Amino acid sequence: MYKKILFKDAFQSLGGSLGRFIGIMLLMMVSAFAFIGLKMAGPDMRTSAQNFYNQTNLADMNVLTNYGLDAGDVAKINQQARHAQVEYSYLQDTTIKNHKNVIRIFSLSQSISKPELLSGHLPKRNNEIVLSNLQKNKYKIGQKIILNNYQLLKNSKFKIVGFVRPSDYTDKTNIGQTNIGAGQLDEIAYVRKNAFRSKNYQIAKIRFEKSKKMDSFSDTYQDFVDTKKKSLEENLKKRAVQKNSTLQSQITQNQQKLDLAKMNGINVVSAQPNLDRQKSLFKQLGPVNYVINDRKADSGYATFYSNAEKIELITNIFPVFLFAVAALVSLTAMTRFIDDQRQNIGVLRALGYTKFDACLKFVVYSLIASIIGVAIGSIGGFLWLPKIIFNSYTSNLTLTNFKAGFSWYYLFLTFLIAILCTTIAALIQLVFVLRQKPSELLLPKAPKNGSHIWLEKIQPLWNRLNFNYKVTIRNIFRYKVKMLMTILGVAGCTGLLIMGFGIKDSLVGISHKQYGEITKYDIIAIQKSNLKSSEKDKLEKVLSSNQIKSHTPIYLQQLTKRMDNTEQSIFLLVPQDSSQFDKYFVLKNRKSQKKIELKNNTVVISEKLAKLLNAHPGGRITLKQNDGKNISLKVGQICEMYMGHYILMNMATYNKYFHKKVRFNSQLIKTNASNQNKEVARKLLKTQAIQSVNLNTSNKKIIDNLVQSMNKVMFLLIALAALLAVIVIFTLTSANLEERTREISTVKVLGFFNNEVTMYIYRETIILSIIGILVGFLIGNWLHSFIIDNLAPLNMMFDPRMLWTNYLLSALIPIVITLVLSYFVYRKIKDIDMLKALQAVD
């Protein structure tokens with residue numbers, strides 16, 4: 001029977017200290033929601049993508065070549081791809097009549113990298129086609145399209161019969177590059193294999209049996225693919241040498257036969273065009289070249305892979321601070337609750353109840369608060385938060401099939417942490433309380449003795465303070481634990497807010513800085529080697545057109561360096577006119593904003609590259625050239641750069657390090673209007689003098705999409721941090737009021753008005769909140785620096801500067817919350833029954 005009374009008392013305490021109970025419950029709910037949701041986001045993202053890749057049997061590697069895959073290539077690939085599925089397909093890059101967009105048409109895959117059918121049906125006839133679902137707003141099922149170029153296809157006219165989701169092209173805005181149109185692919189489509197009439201395949205898709213059992217996002221999988229890729233590259237490189245030798249021999253022999261026939265007076269009318277076509281093809285396509293791409297060649301796959309990794313960085317930081325703040329505040333709330341109930345504990349002990357019986361109320365109180373909070377928070381953490389993060393990161397990808405996962409490990413771990421923060425913390429405090437005798441516990445806890453504080457020694461300041469402020473400051477120093485917990489609680493919330501706002505601003509600024517302040521050109525056009533005079537004339541005509549504002553020749557070369565277990569591309573730029581180069585590429589130091597000049601004997605490198613290589617002015621860096629040889633360069637200056645890795649030098653420096661003169665192979669181009677960029681790119685490629693083009697508008701769009709996705713996640717984290725600030729200040733305020741009811745009543749009896757009593761009590765909270773905000777500035781600044789350094793992809797840098805508005809916003813939120821809750825304090829003080837409070841047992 002007596003146990004029933006204990007449980008009744010325990011449950012009655014929930015309502016008797018409702019504000020504290022709700023505060024602890026909300027702390028555990030928000031902490032569980034953030035911890036589970038953020039911890040599950042990465043695994044859920046990978047699982048959702050993995051399910052899609054398994055469903056479509058996405059290829060591990062694709063092999064392409066500029067001359068098509070002949071029977072010898074097929075035999076070589078089959079020999080290398082043992083214990084693997086290999087499927088050979090055709091493709092054609094073309095444009096649709098009355099449309100300028102470039103479309104890549106594949107032969108429909110039967111087993112590897114199959115597209116997912118979303119509506120309609122797959123092609124059943126040679127004149128039927130299915131388009132990517134990104135085009136469903138432009139075209140309709142049943143509509144017919146006519147292709148402008150269809151050399152490899154049997155038909156030029158196709159009927160749209162469905163829409164699909166391509167498995168190997170998942171980026172909505174950056175599908176890939178091509179050598180027709182504006183140099184960028186806009187659409188993907190599929191037809192039957194028999195719709196092609198090409199003799200040679202254009203692509204080989206390889207899916208290894210062993211990789212099917214691996215996690216696509218694991219290091220084990222990537223190492224396995226890298227090994228297979230390297231082996232295949234070495235073998236195909238040897239074959240390319242053989243084929244090039246054969247091709248050159250054939251052209252030479254045919255030319256000799258033709259010359260001999262002419263000498264003998266033989267009619268060579270039919271032989272000459274064939275030889276011209278052979279030479280023209282070799283001129284257009286260049287030497288035989290094989291390209292082997294793994295899954296990361298799809299920018300959507302690479303972006304998703306990076307995001308799934310980077311979200312785990314946030315999950316290892318944000319929930320830890322969240323739970324730390326929750327633990328501190330919960331510990332404070334439970335400690336105050338126990339101190340407030342010490343006389344009841346004494347009564348129970350005096351009546352003969354055991355120490356465990358005396359603890360039962362607090363165990364039940366804290367357990368119920370923890371269980372309810374974690375239960376509600378975990379539901380949202382498993383089902384809602386990971387989906388929001390997935391949708392944010394895939395807003396510019398075609399991946400949509402989110403699969404929510406569940407983890408007993410994270411659920412039990414969350415319950416354990418919550419119980420440690422509340423119940424175990426309460427039991428530790430109870431151990432100290434129960435050491436006292438029941439007779440001691442029946443007496444009110446003696447108030448702490450007043451003592452001089454260090455601030456009193458500063459007489460000019462102390463003497464100018466009025467009575468109310470002196471009392472407030474002395475009370476703050478009397479209750480040091482409460483002071484510390486309040487400061488740390490507010491500081492943690494402020495730090496998380498600064499981190500969120502700081503990362504948001506660090507992301508937003510880079511697009512404008514990179515493509516508005518640093519790279520001033522609009523297009524970079526890479527020329528083909530050994531141009532004919534006619535091609536040079538066509539190119540010069542386009543470059544001198546009224547659509548182009550200015551242009552300058554540069555030398556562009558790609559170097560590589562293995563960093564953080566991945567091969568990174570580094571672009572070497574050598575301008576023809578260094579004095580005019582800043583019109584196209586502004587080189588400056590990020591911190592000092594001073595312009596950098598290209599000097600002899602040293603190179604300028606981008607900041608992210610310098611950081612990865614731990615390079616400093618005066619030091620040296622070693623990079624790999626295309627022929628596999630290393631080159632060592634002396635660093636002169638480090639320039640501001642947010643996208644890509646760059647090395648810049650003048651002609652004299654290039655001649656010194658590479659021991660040869662510069663042959664300018666590219667053009668930096670500024671157009672008169674950004675809406676003309678695509679049209680200019682089309683004209684450049686039509687000249688046959690340009691190998692490929694790169695538009696800054698496309699690069700800017702990639703960054704903007706990344707920023708947009710990450711901004712959504714940052715807004716979510718900011719909202720969580722703001723919610724935590726509300727709960728922390730509410731919990732501390734509620735606990736403060738409940739334990740100081742008698743003090744408040746005494747002050748009111750002495751004649752203080754309600755608003756004066758409110759300030760008497762709440763002034764401490766305001767002062768401690770301001771101190772907590774200032775401490776939070778330091779915490780947030782460190783968090784921001786740490787995450788910015790580690791969150792960006794290897795080839796990008798986020799702006800590390802912290803804007804003053806971040807501090808202002810992060811301070812305003814807890815300040816506003818504190819001021820709003822002052823009304824809650826006023827109402828509570830106004831409703832206090834002074835007589836009942838003062839009649840408490842002394």
Side-chain angles (χ1 to χ4, degrees), residues 62-74 87-109 123 125-132 135 144-160 169 175-205 243 247 250-251 254 270-291 528 532 534-535 538 681-693:
N62 293 320
V63 182
L64 302 96
T65 179
N66 48 349
Y67 282 86
L69 300 168
D70 57 23
D73 295 325
V74 170
E87 185 172 0
Y88 296 91
S89 303
Y90 304 100
L91 67 87
Q92 169 85 65
D93 288 354
T94 182
T95 54
I96 299 174
K97 191 174 182 180
N98 299 325
H99 290 272
K100 294 181 179 180
N101 288 352
V102 180
I103 182 171
R104 175 166 290 176
I105 302 175
F106 285 96
S107 61
L108 197 61
S109 301
R125 298 183 176 87
N126 290 346
N127 65 343
E128 293 180 341
I129 191 171
V130 288
L131 303 180
S132 164
Q135 309 305 319
K144 294 184 178 179
I145 58 173
I146 300 175
L147 306 180
N148 291 324
N149 304 306
Y150 59 100
Q151 298 92 334
L152 304 179
L153 291 159
K154 295 177 181 177
N155 301 303
S156 63
K157 192 173 184 179
F158 288 87
K159 179 182 178 181
I160 301 171
Y169 289 87
I175 298 175
Q177 292 186 322
T178 181
N179 57 359
I180 66 171
Q184 298 286 328
L185 290 173
D186 300 294
E187 303 170 15
I188 296 293
Y190 298 87
V191 298
R192 293 183 75 238
K193 207 168 190 176
N194 291 337
F196 281 86
R197 60 182 174 188
S198 174
K199 294 180 180 179
N200 295 334
Y201 295 109
Q202 278 72 48
I203 182 172
K205 302 176 181 180
K243 291 184 72 173
L247 193 60
Q250 288 176 350
I251 293 174
N254 290 340
S270 60
Q272 185 65 51
N274 291 333
L275 180 60
D276 290 341
R277 276 195 300 269
Q278 199 173 24
K279 287 182 177 180
S280 176
L281 186 63
F282 186 79
K283 175 74 176 176
Q284 181 182 352
L285 300 179
V288 176
N289 181 42
Y290 296 92
V291 177
K528 294 179 180 178
K532 295 178 181 178
S534 59
E535 293 170 339
K538 290 178 183 178
R682 291 189 187 97
K683 291 181 177 180
L684 288 168
L685 287 171
K686 279 185 179 180
T687 64
Q688 299 296 316
I690 298 299
Q691 179 180 326
S692 63
V693 294

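As the structure is a prediction and not an experimental result, all values here were calculated from the model. All heavy atoms count here, side chains included; hydrogens, waters and symmetry mates do not.
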message: As a quick check of understanding, evaluate ring pair (Phe, Tyr, Trp, His ring centres under 6.0 Å) for Phe106 and Tyr169, giving each step before the final call.
response: CA-CA 12 Å; Phe106 285 96; Tyr169 289 87; 5.8 Å; yes

message: If you apply the rule side chain to side chain contact (heavy atoms under 4.5 Å, CB included), what do you find for Ile96 with Leu147, and how did you get there?
response: CA-CA 5 Å; Ile96 299 174; Leu147 306 180; 4.2 Å; yes

- request: Apply side chain to side chain contact (heavy atoms under 4.5 Å, CB included) to the pair Lys243 and Asp70, showing each step before the final yes or no.
  value: CA-CA 11 Å; Lys243 291 184 72 173; Asp70 57 23; 3.2 Å; yes

- request: May I have the step-by-step check of side chain to side chain contact (heavy atoms under 4.5 Å, CB included) for Leu91 and Leu64, ending in yes or no?
  value: CA-CA 10 Å; Leu91 67 87; Leu64 302 96; 4.1 Å; yes

message: Using the rule given for side chain to side chain contact (heavy atoms under 4.5 Å, CB included), can you reason through Thr65 versus Val288, listing the C-alpha separation, both sets of side-chain angles and the distance that settles it, and then say yes or no?
response: CA-CA 7 Å; Thr65 179; Val288 176; 4.1 Å; yes

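Within the 3.5 Å criterion, the main-chain N or O of Lys159 finds no donor-acceptor partner in the side chain of Asn127. In terms of modelled atom types and a separation under 3.5 Å, the side chain of Asp186 and the main chain of Val102 share a donor-acceptor contact. A donor-acceptor contact shorter than 3.5 Å links the side chain of Thr94 to the backbone of Asn149. Looking only at distances, no side-chain donor or acceptor of Gln135 sits under 3.5 Å from a matching main-chain atom of Ser132. Not one N or O on the side chain of Gln691 forms a donor-acceptor pair closer than 3.5 Å with the backbone of Ala689.
Asp73 and Tyr290 share a donor-acceptor pair across their side chains, judged by distance under 3.5 Å alone.
For the pair Lys532 and Glu535, the salt-bridge criterion is not met [side-chain N within less than 4.0 Å of a carboxylate O].
Scanning all heavy atoms of the two residues, the minimum distance from Tyr88 to Leu69 falls at CD2-CD1, 4.2 Å. Shown here for Val74 and Tyr201, the closest heavy-atom pair between the two residues is CG2-CD1, 4.2 Å. Contact detail for Phe158 and Asn126: the closest heavy-atom pair is CE2-O, 3.1 Å. Nearest heavy-atom pair, Ile103 versus Ala189, reported as atom, atom and distance to 0.1 Å: CD1-CB, 3.6 Å. Across every non-hydrogen atom of Val191 and Pro123, the tightest pair is CA-CG, 4.2 Å. Between Leu685 and Val693, the shortest heavy-atom contact is CD1-CG2, 4.3 Å.
Interatomic distance, Asp93 CG to Arg104 CZ, rounded to the nearest 0.5 Å: 4.0 Å. Atom CD1 of Ile145 sits about 5.0 Å away from atom CD1 of Ile160, to the nearest 0.5 Å. Separation of atoms CD (Gln92) and CG (Leu153) is listed at 5.0 Å; rounding is to 0.5 Å. Here the CD atom belonging to Gln202 is positioned 9.5 Å from the OG atom belonging to Ser89, to the nearest 0.5 angstrom. Between Thr687 atom OG1 and Lys538 atom NZ the span is 7.5 Å, to the nearest 0.5 Å. Remark: Asn98 CG to Asn148 CG distance equals 8.0 Å, nearest 0.5 Å.
The side-chain heavy atoms of Lys144 and Lys157, taken from C-beta on, include a pair separated by under 4.5 Å. Arg192 has its side chain out of reach of Glu128: every pair of non-hydrogen atoms, C-beta onward, lies at least 4.5 Å apart. Side-chain contact between Lys528 and Gln688: present, with at least one pair of heavy atoms (C-beta onward) separated by less than 4.5 Å.
Between Tyr90 and Phe196, the ring planes are parallel. Angles under 30° get that label, and only those over 60° would be called perpendicular.
When the shell of 6.0 Å around CZ of Arg197 is examined, it contains more than 12 heavy atoms from other residues, nucleotides or ligands. By the 6.0 Å contact criterion, NZ on Lys154 is enclosed, its count of non-hydrogen atoms from other residues, nucleotides or ligands being greater than 12.
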